[in-house]
Amino acid sequence: METVSHHGRETAYEVADRGGDGPPICFVHGSGGSRDVWSAQHRLADRNPIVTLDLSGHGDSEDIDARAGYATLSAYVDDVLAVLEATDSRVLVGNSLGGAVALQLLIERDTDLDAAVLVGTGARLGVLEDLLDWLANDFERAVEFLHGSDRLFHDPEPELEEESQDQLRETGQAVTHRDFLTCHEFDVRDDLGAIDVPTLAVYGEHDQLTPPWYHEYLAEEIDDAWIAELEDAAHLAMVEQPTAFNAALTEFLDIVFERDETEE
């Protein structure tokens with residue numbers, strides 16, 4: 001684990017590098033998560049250095065004192081920018097809340113990225129009012145709900161589901177609730193035209209939290225965009241179907257970089 005200092009706090013990140021000559025790829029987790037959710041993507045480290053980070057208040061990163069919503073989202077964007085700069089990452093991948101962070105960064109901040117991948121996310125991320133209530137007042141019920149059929153997972157192995165539940169409990173009720181409230185307020189539907197990097201929207205075919213049409217909308221509204229469906233997966237498609245996800249990511253980046261070389 002490494003850390004980068006910025007805005008008076010430390011953000012933790014990890015780099016897996018097995019000598020690949022591709023550009024570093026930075027991965028951003030979702031609500032209540034940590035960098036561990038991307039462990040299966042370390043398999044790509046023989047092609048590209050793989051950078052995974054903990055947003056503020058998650059995993060090994062210091063927390064922030066910020067209200068849910070735009071203030072928290074902006075702080076998370078600062079976390080990602082600091083890690084991008086520290087690692088020279090050229091590709092940004094975000095899941096769920098991490099996708100919202102990626103979108104906000106691409107729209108608002110002056111960045112020089114080669115590509116972006118948005119997984120299980122959307123331009124608007126409204127959250128069920130009952131879930132927000134459970135997150136505030138009955139955390140175990142919220143954890144149970146999120147692990148219901150076709151929410152975080154479609155048909156996971158028991159140990160995978162248990163690890164996911166443990167991660168939410170480790171992050172804790174306060175930060176996880178803040179994450180979901182931040183998602184609930186997120187809406188960049190009118191701003192997607194500002195995104196000027198090649199973008200891949202990836203979704204699990206059974207995802208009820210961010211359904212397929214969320215990703216179809218992203219692909220329609222972002223100028224240079226592709227879309228990929230992963231079978232037998234729900235919201236955490238990169239965890240449930242890592243081989244298919246890694247293949248989709250690799251194919252997309254091959255197309256982007258081959259096209260760039262042709263245009264030069």
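In what follows, every heavy atom counts, from backbone to side chain, and hydrogens, waters and symmetry copies are set aside. Since we're looking at a predicted model, the values are computed, not measured.
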Legend entry - Side-chain (Gln104) to main-chain (Val77) donor-acceptor, under 3.5 angstrom: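 No: the side chain of Gln104 does not pair with the backbone of Val77.
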Legend entry - Flag, side chain of Thr182 to backbone of Gly69, donor-acceptor distance under 3.5 Å: yes
Please tell me whether [X] and [Y] have a donor and an acceptor in their side chains that are separated by less than 3.5 angstrom.
X	Y	answer
Thr72	Arg67	no
Glu10	Ser61	no
Asp232	Gln241	no
His7	Asp79	no

Which pair of non-hydrogen atoms, one from [X] and one from [Y], has the smallest distance, and what is that distance?
X	Y	value
His58	Gly32	NE2-N, 4.0 Å
Leu84	Cys26	CD2-CB, 3.7 Å
Ala123	Phe186	O-CE2, 3.4 Å
Ala142	Leu135	CB-CD2, 3.7 Å
Thr87	Tyr13	CG2-CE1, 3.5 Å
Asn246	Ala40	ND2-O, 3.2 Å

Legend entry - Result of checking Asn95, Val101, Leu55 against His29 for side-chain contact (heavy atoms from CB on, under 4.5 Å): Leu55
With rounding to the nearest 0.5 angstrom, report the [atom1] to [atom2] distance, [X] to [Y].
X	Y	atom1	atom2	result
Ser89	Asn48	OG	CG	10.0 Å
Asp112	Asp88	CG	CG	10.5 Å
Leu92	Leu113	CG	CG	6.0 Å
Asp110	Leu106	CG	CG	11.5 Å
Met238	Ser39	CE	OG	9.5 Å
Leu81	Leu105	CG	CG	4.5 Å

Legend entry - Asp78 bridged to Arg109 by N-O distance under 4.0 Å: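 Looking at Asp78 and Arg109, the cut-off is met.
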Would you say [X] and [Y] make side-chain contact, with heavy atoms under 4.5 Å?
X	Y	result
Glu240	His154	yes
His147	Ser164	yes
Val239	Phe153	yes
Leu146	Gln165	no
Arg178	Asp63	yes
Ile25	Leu253	yes
Glu14	Met1	no
Leu118	Val202	no

Legend entry - Contact list for residues 208-219, test salt bridge (Lys or Arg N to Asp or Glu O under 4.0 Å), sequence neighbours left out: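 Counting only pairs at least two positions apart or across chains, no salt bridge (Lys or Arg N to Asp or Glu O under 4.0 Å) contact touches residues 208-219.
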Legend entry - salt bridge (Lys or Arg N to Asp or Glu O under 4.0 Å) partners of residues 142-163, not counting sequence neighbours, each pair once: none
Legend entry - Residues which pass ring pair (Phe, Tyr, Trp, His ring centres under 6.0 Å) with His177, listed by chain and number, not counting sequence neighbours: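 Result, ring pair (Phe, Tyr, Trp, His ring centres under 6.0 Å) vs His177: none returned.
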Inset, instruction - Can you sort out the partners of Phe145 under ring pair (Phe, Tyr, Trp, His ring centres under 6.0 Å), two or more places apart, ordered by chain and number? - result: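 Ring pair (Phe, Tyr, Trp, His ring centres under 6.0 Å) check on Phe145 returns Trp134.
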Holding to salt bridge (Lys or Arg N to Asp or Glu O under 4.0 Å), I want the full list of residues that pass it with [X], two or more places apart in sequence or in another chain.
X	value
Asp17	none
Arg189	Asp187
Asp179	none

Legend entry - Ser56 and Arg9: CA distance, side-chain angles, deciding distance, side-chain contact (heavy atoms from CB on, under 4.5 Å) verdict: CA-CA 8 Å; Ser56 291; Arg9 62 183 182 274; 2.9 Å; yes
Under the side chain to side chain contact (heavy atoms under 4.5 Å, CB included) test, which residues partner [X], sequence neighbours left out?
X	result
His184	Val127, Glu129, Leu132
Gln173	Phe139
Thr250	Leu44, Arg47, Asp254

Legend entry - CD (Glu185) with more than 12 external heavy atoms under 6.0 Å: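 Yes, because the 6.0 Å sphere around CD of Glu185 holds more than 12 heavy atoms from other groups.
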Legend entry - Atom CD of Gln208: over 12 foreign heavy atoms under 6.0 Å: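 Yes - once you tally the heavy atoms of other residues, nucleotides and ligands closer than 6.0 Å, there are more than 12.
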For the hydrophobic clusters of this structure (ILVMFWY residues joined by side-chain heavy atoms under 4.5 Å, transitively), does one cluster hold both [X] and [Y]?
X	Y	value
Val28	Ile50	no
Trp213	Ile222	yes
Leu160	Leu152	yes
Val256	Val51	no

Legend entry - For Ile227, the rest of its hydrophobic cluster, which grows through side-chain links under 4.5 angstrom: Tyr203
Inset, instruction - I would like to know whether Asp60 and Arg35 meet side-chain contact (heavy atoms from CB on, under 4.5 Å); could you show each step before the answer? - result: CA-CA 9 Å; Asp60 295 308; Arg35 68 184 189 273; 3.2 Å; yes
Inset, instruction - Using the six-membered ring wherever Trp is involved, compare the ring planes of Trp38 and Phe245 and label them parallel, tilted or perpendicular (cut-offs 30° and 60°). - result: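 Trp38 vs Phe245 ring planes: tilted.
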Legend entry - Phe27 ring center within less than 6.0 Å of His42 ring center: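 Not close enough - the centres of the two rings lie 6.0 Å or further apart.
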With a cut-off of 3.5 Å and sequence neighbours excluded, list every side-chain donor-acceptor pair involving residues 190-201.
unit_1 : atom_1 : unit_2 : atom_2 : d
Thr199 : OG1    : Val197 : O      : 2.9

Legend entry - Chi angles and distances behind the side-chain hydrogen bond (donor to acceptor under 3.5 Å, both in side chains) call for Ser34, Gln167: CA-CA 8 Å; Ser34 77; Gln167 177 61 67; 2.9 Å; yes
Inset, instruction - Show your working on side-chain contact (heavy atoms from CB on, under 4.5 Å) between Tyr76 and Thr11 and close with a plain yes or no. - result: CA-CA 10 Å; Tyr76 290 165; Thr11 293; over 6 Å; no
